[in-house]
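Counting from 1, the numbers follow the sequence of the chain as shown.
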Amino acid sequence: MSGTVVPRLVAAVSEQRQWDRLMEMARLGAFTGVDGSPGVNRPCLSPLDREARRLLIGWGMAIGLTPSIDALGNLFLRHEGQDPGLAPVLTGSHMDSQPAGGRFDGIWGVLAGLEAIQALREAGITPRRPIELVAWTNEEGGRFAPGCMGSMAYAGHSKPDTWDAVTDGEGIRFGDALREQLLLEADLPRRPLGVVDGPAPHAYVEAHIEQGPRLESEGFDIGIVTGIQGSRWFLVEIIGESAHAGTAPLSTRRDAVQDMLRAITALNALMDDPTDILRFTVARIEVQPNSSNSVAERVRFTIDFRHPSAAVLAQRGDAIEATIRGAVQRCEVVVTERFHALPVDFAPLVTGAVARASAAQGLKALRMPSGAFHDAQFMVPLCPSGMIFVPSRKGISHNPAEYSSPAQLAAGARVLAQVVAELAES
């Protein structure tokens, strides 16, 4: 079916069913943003996340899919192929959200995969290879940093126990939350952990909203994602000494906030890029004792640095610690790198399938890179991988105002259905 529309498959994708499922999922963690937009706060491995997983499992089992989980809590739903012994095609994304997230980031990729598989089944298509829907554990990193823990462990990028001691804002360890999750899902079959304990998949394709403005502003229906830029995350701790704001002379203070400002100013100079390709963000700042009349004794802040060039990512990322140490005047500094993902290019097997499906369905498609990282980034060393983007309104994401229309999402699901069908025959 390479490059050719299978009318019964495309017709079997239900815009209304997919939208209804998205809206039902959006109730789990629903809140109202400051502008009145309906948002979602569904942290990884929380009771809400567990409820969402059970909802997905129920939908999958109702159409004949077989669920299983691995040691990182990655959840799989399998549509059997004509030859069960062949390596499967994987499709999916994540179900956790940012603390003030929207209704589409991640979860649409999971539900688009479910819709594509259901359309295959309703169209009476049983491909040669199995197709598995996957919901990865902790892609966002909003509760436990860094993100993409489930896919990194699956791919052998990091050992499964790497993040056991990572804590959330309430001091709960990731390892403890994961063990609780696995106990609650002890009724599900346990499968090997990715390529650590089992074989590699045949291919991987992930559907996602763009999280940027290009598709909407340039009038495209589908993004053929060519690759993902690299990312490096750091945690910086500046340790000074608390003192009375009214009595301690400025000349004797070890003020962590003032040294943080010096460090960030120096980092802004380091990361200056006239081409506006580089992405540098200081987004989370914690101050102790956080009192209006006390000098700050400790500051922690995060750095998110991204670039499509591995050389730039290495050169400027490696200069971060020295830049901070050269800027601070009176405090101690601890810099910890928490995440490092190199830029990746997606495989022609997948990007070509997305291009063929889009053209066959009369959709206008744009070849484009992804600025945001995704679980697909860690699948590249294992198998041919790729992504499908659909437009998102004004490019807004990680925000309750995030929105893609039912028609846009249905178009993406139809392309995904044709792509996974083609890959499962290859």
Requested in this report: Answer yes or no: does atom CE of Met23 have more than 12 heavy-atom neighbours from other residues, nucleotides or ligands under 6.0 Å?
Outcome: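 Correct, the count exceeds 12.
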Would you find a donor on one side and an acceptor on the other, under 3.5 Å apart, between the side chain of [X] and the backbone of [Y]?
X: Ser97; Y: Arg42; answer: yes
X: Asp49; Y: Asp96; answer: no
X: Ser46; Y: Pro43; answer: yes
X: Ser217; Y: Pro213; answer: yes
X: Thr137; Y: Leu72; answer: yes
X: Asp221; Y: Leu363; answer: no
X: Glu210; Y: Pro391; answer: no

Give a yes-or-no answer on whether the side chains of [X] and [Y] include a donor-acceptor pair shorter than 3.5 Å.
X: Gln98; Y: Glu140; result: yes
X: His374; Y: Ser93; result: no
X: Asp105; Y: His208; result: yes

**Report entry** Residues in salt bridge (charged side-chain N to carboxylate O under 4.0 Å, His left out) contact with Arg53, at least two apart in sequence or another chain
**Finding:**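 By the salt bridge (charged side-chain N to carboxylate O under 4.0 Å, His left out) rule, Arg53 matches Glu185.
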Query raised in the report: Which class fits the ring pair Trp233 and Phe339: parallel under 30°, tilted 30 to 60°, perpendicular over 60°?
Result: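 Tilted, since the angle between the ring planes falls between 30° and 60°.
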Query raised in the report: How long is the span from the CD atom in Glu218 to the CE atom in Met368, to the nearest 0.5 Å?
Result: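 Going from the CD atom of Glu218 to the CE atom of Met368 covers 8.0 Å.
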**Report entry** Straight-line distance of Asp304 CG to Arg284 CZ, nearest 0.5 Å
**Finding:**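 Those atoms lie 13.5 Å apart.
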Report task. Give every residue pair that meets the ring-ring contact (aromatic ring centres under 6.0 Å, His included) criterion with at least one member in residues 149-173, sequence neighbours excluded. Result ->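 Listed by first then second residue: Trp136-Tyr154, His157-Phe378.
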Requested in this report: Mind running salt bridge (charged side-chain N to carboxylate O under 4.0 Å, His left out) on Arg232 and Asp318 for me, showing each step along the way?
Outcome: CA-CA 10 Å; Arg232 297 181 73 170; Asp318 290 348; 3.0 Å; yes
